[in-house]
Amino acid sequence: MAEMETHEGGCACGAVRYRTAGQPEIHAVCHCRYCQLRTGSAFGVGAYFPDTDVTLLSGDLSEHKYKTQSGNNVTTCFCKKCGTTTHWQIDSEFLSGKTAIAAGTFDPPSFWFDVNREIFMRTKADFVEIDAVNKFETSGTYKPIKEDEDRQNPA
Ligand SMILES: [Zn+2]
Ligand SMILES: [Zn+2]
């Protein structure tokens, strides 16, 4: 069997380092409010690998856990020193057992895979124009079961 390609990345201060193996199974640009709050920017870029294809090489992580409107439990993992979110996990029908890498933390060339999917277009910033083939108003699993705070909702 051929060796799987590997990629490494880490946080801004360099304390947290990780390695991934193979191609991401799922990747998306996400314009949701949770990603905007997590990054402080207009969108997040996630590359999802099977948990077993992501290896933490170094660093001390803190976690932030929350439940989405659809009732999915999300755990974001960030460097204790510099606060960069390097990865997260979502407990849901399609994403359990996978780890999402915050793709901007990959070492250059950071965006080495094709992103062909944009989700949560409903909260996309007007100035963002991305040429993804597949665009979704929310996501494939969006099924609200709870109210979010106003700051987490689309305007
Ligand atoms: Zn750091
Ligand atoms: Zn999102």
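For the pair Ile26/Leu95, a side-chain contact is recorded, criterion being any heavy-atom separation below 4.5 Å from C-beta on. The closest side-chain heavy-atom distance from Gln89 to Asp51 is below 4.5 Å. Counting only heavy atoms from C-beta outward, the side chains of Ser92 and Ser70 never approach each other to under 4.5 Å. The shortest side-chain heavy-atom distance between Asn73 and Lys65 does not fall under the 4.5 Å cut-off. Residues Thr86 and Leu61 form a side-chain contact, since some pair of their non-hydrogen atoms from C-beta on lies under 4.5 Å apart. Within the 4.5 Å cutoff, the side chain of Val29 has no heavy atoms near those of the Val128 side chain.
Counting all heavy atoms, side chain and backbone alike, Phe127 lies closest to Ala42 at CZ-CB, 4.0 Å. Of all the heavy atoms in Phe43 and Thr39, the pair that sits closest is O-OG1, 4.0 Å. Nearest heavy atoms, Cys82 versus Ala12: SG-N, 3.7 Å. Taking all atoms of both residues into account, the shortest heavy-atom contact from Ile90 to Tyr48 is CD1-OH, 3.5 Å. Smallest separation of non-hydrogen atoms from Lys81 and Ala15: CD-CB, 4.3 Å. Nearest heavy-atom pair across Pro24 and Ala47 is CB-CB, 3.9 Å.
Here the straight-line distance linking atom CZ of Arg19 with atom OG1 of Thr6 works out to 6.0 Å at 0.5 Å rounding. Going from atom CZ of Arg33 over to atom CG of Asp150 covers 10.5 Å, rounded to the nearest 0.5 Å. The distance from atom CG of Asp53 to atom NE2 of His7, rounded to the nearest 0.5 Å, is 12.0 Å. Interatomic distance, Lys67 NZ to Asp91 CG, rounded to the nearest 0.5 Å: 8.5 Å. The NZ atom of Lys98 sits 9.5 Å away from the OG1 atom of Thr52 when rounded to the nearest 0.5 Å. Between the OG1 atom in Thr138 and the NZ atom in Lys143 there is a gap of 11.5 Å [rounded to 0.5 Å].
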Verdict with supporting geometry, Ile101 and Thr20, side-chain contact (heavy atoms from CB on, under 4.5 Å): CA-CA 9 Å; Ile101 297 292; Thr20 63; 3.8 Å; yes
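For Asp148, the side-chain contact (heavy atoms from CB on, under 4.5 Å) partners at least two apart in sequence or on another chain are Tyr34, Gln69, Lys146, Gln152, Asn153.
With a 6.0 Å radius and a threshold of 12 heavy atoms from other residues, nucleotides or ligands, Glu5 has its CD atom above the threshold. For Asp131, the CG atom sits in a loose shell: 12 or fewer heavy atoms of surrounding residues, nucleotides or ligands are nearer than 6.0 Å.
Cation-pi check for Arg38 over Tyr66 is not met; the charged atom does not lie both under 6.0 angstrom from the ring centroid and within 45 degrees of its normal.
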With a 3.5 Å cut-off and sequence neighbours excluded, list the donor-acceptor pairs that the side chains of residues 109-121 form with protein atoms.
| residue | atom | partner | partner atom | Å |
| --- | --- | --- | --- | --- |
| Ser110 | OG | Phe106 | O | 2.6 |
| Glu118 | OE1 | Lys135 | NZ | 2.4 |
| Glu118 | OE2 | His31 | NE2 | 2.7 |

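If you check the side chains of Thr105 and Tyr18, you find a donor sitting under 3.5 Å from an acceptor.
Both Ile130 and Val45 sit in one connected hydrophobic cluster of ILVMFWY residues. Membership requires side-chain heavy atoms under 4.5 Å apart, directly or through other members.
At a threshold of 4.0 Å, the pair Arg17-Asp107 counts as salt-bridged, since one of the basic side-chain nitrogens sits closer than that to a carboxylate oxygen.
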